[in-house]
Amino acid sequence: MIDLRSDTVTKPTAEMRQAMYDAEVGDDVYGEDPTVNRLEELAAALLGKEAALFVTSGTQGNQLAVLSQTAPGDEIILESDSHIFYYEGGAVSALAGVQTRTVQGNKGSISEELLQKAIRGNDIHFPDTSLVCYENTHNRAGGAAVPLENMKRIYKTAADAGIKVHLDGARLFNAAAALNCSIDELASWCDTVSVCLSKGLGSPAGSILAGSAEVITKARKWRKRLGGGMRQAGILAAPGILSLTKMTERLRTDHENAQFLAQGLRQIKGLKVINSVDTNIVLIDISAWETTNEAFIADLKSEGLLAVGFGENIIRFTTHYDVNRGDIEKAIAAVNKIKKIQMA
Ligand SMILES: *Cc1c(COP(=O)(O)O)cnc(C)c1O
């Protein structure tokens with residue numbers, strides 16, 4: 001099976017498994033796991049933040065950012081298609097007790113004008129706006145890399161209004177590769193940032209949340225409250241260190257493979273590639289084929305290819321470490337083959 005459902009399906013490399021085996025460990029709830037400590041120090045240094053926290057998932061990192069920088073009854077501003085709003089089970093209201101205000105972005109970018117309008121003024125009737133969250137790369141926008149200029153605008157507009165900014169950087173290293181920017185330059189335009197180790201960077205589990213020492217201390221307590229205090233977590237932090245030191249440059253290969261896939265798919269009659277393919281995600285619109293997402297995905301599966309539905313008549317393919325150029329060629333051939341079945 002060629003699995004292009006997500007970059008989360010990557011399996012840990014042989015080197016990662018060896019590092020897990022060899023990892024020096026201790027009780028991280030006591031702060032005594034040397035491997036976790038090393039990962040957190042490394043991540044903070046790379047991202048240019050005072051402190052970092054190893055968390056169970058990207059969702060947990062985002063939730064800790066909200067919990068640590070808001071109070072119940074506050075309002076937070078999110079892009080309408082953002083992961084936090086769309087895919088986290090309403091956790092910000094269930095856990096942090098905040099309400100959400102969404103603004104429509106363009107390829108993941110939020111305009112300064114819309115952001116200004118969404119920020120609440122000082123009125124006894126209004127909730128307090130305490131946090132703006134944005135995403136880079138933007139998943140539902142097809143892995144769009146939000147330009148540095150827009151990141152600065154979002155940060156400055158919020159900062160001028162005394163509002164904190166969280167960057168959901170689950171795929172921030174993909175953004176850095178696409179924009180040819182260093183990761184700390186990107187991470188400088190926010191107060192807190194979360195980064196997934198278990199997507200294109202290949203770790204079996206875990207994410208990083210980074211920010212000021214004060215916020216990360218609060219986040220550490222929230223992580224414990226949520227049951228996210230893990231003991232000999234160095235076993236999982238060891239591959240995380242390899243993700244940050246050895247896996248970031250190779251993301252460019254995933255991006256090239258996505259370009260190659262998009263080129264192949266564009267040549268198939270009736271299919272439309274609808275995103276700009278900035279990074280490792282390709283979105284196609286299949287409406288012209290008179291099929292359904294479910295049927296299309298089942299046909300692909302019978303040809304040995306896995307993909308996911310991503311909205312009405314939209315299919316997402318994601319390239320990653322465990323697929324190579326030959327797999328992408330086979331993927332294009334598989335789509336061509338089901339086209340022939342369709343047209344027969
Ligand atoms: C995958 C993803 C997350 C969540 O990561 P999990 O580890 O699956 O919880 C958050 N934000 C974005 C943009 C993502 O793509």
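When a residue number appears, it is its place in the shown sequence, counting from 1. Counting starts at 1 for both ligands and their atoms, following the listed order. Quick caveat: nothing in here was measured; it's all calculated off a predicted structure.
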Tightest non-hydrogen contact, residues A258 and T279, listed as CB-O, 3.3 Å
Close residues, ligand 1: non-hydrogen atom nearer than 4.0 Å = S57, G58, T59, N62, H83, E88, E135, N139, D168, A170, R171, C196, K199
Under 3.5 Å donor-acceptor, D28 side chain and A233 backbone | no
Using residues 208-215 as the side-chain source, report each donor-acceptor pair under 3.5 Å to any protein atom, sequence neighbours left out, with the distance given to one decimal.
| unit_1 | atom_1 | unit_2 | atom_2 | d |
| --- | --- | --- | --- | --- |
| S212 | OG | V215 | N | 3.1 |

Distance-only check: which donor-acceptor pairs under 3.5 Å involve side-chain atoms of residues 30-48, not counting sequence neighbours?
| unit_1 | atom_1 | unit_2 | atom_2 | d |
| --- | --- | --- | --- | --- |
| D33 | OD1 | T35 | N | 2.9 |
| D33 | OD1 | V36 | N | 3.0 |
| D33 | OD2 | G26 | N | 3.2 |
| D33 | OD2 | G234 | N | 2.8 |
| T35 | OG1 | E24 | O | 2.4 |
| N37 | ND2 | G31 | O | 3.0 |
| N37 | ND2 | D33 | O | 3.4 |
| E40 | OE1 | R220 | NH2 | 3.1 |
| E40 | OE2 | F54 | N | 2.9 |

Identify whether the distance between the nearest side-chain nitrogen and carboxylate oxygen of R171 and D7 falls below 4.0 Å.
-> yes
For residues 124-133, run the donor-acceptor check on the side chains, cut-off 3.5 Å, and write out each pair with its distance to 0.1 Å, sequence neighbours left out.
| unit_1 | atom_1 | unit_2 | atom_2 | d |
| --- | --- | --- | --- | --- |
| H125 | ND1 | D123 | OD1 | 2.6 |
| T129 | OG1 | R120 | N | 3.0 |
| S130 | OG | D74 | OD2 | 2.8 |

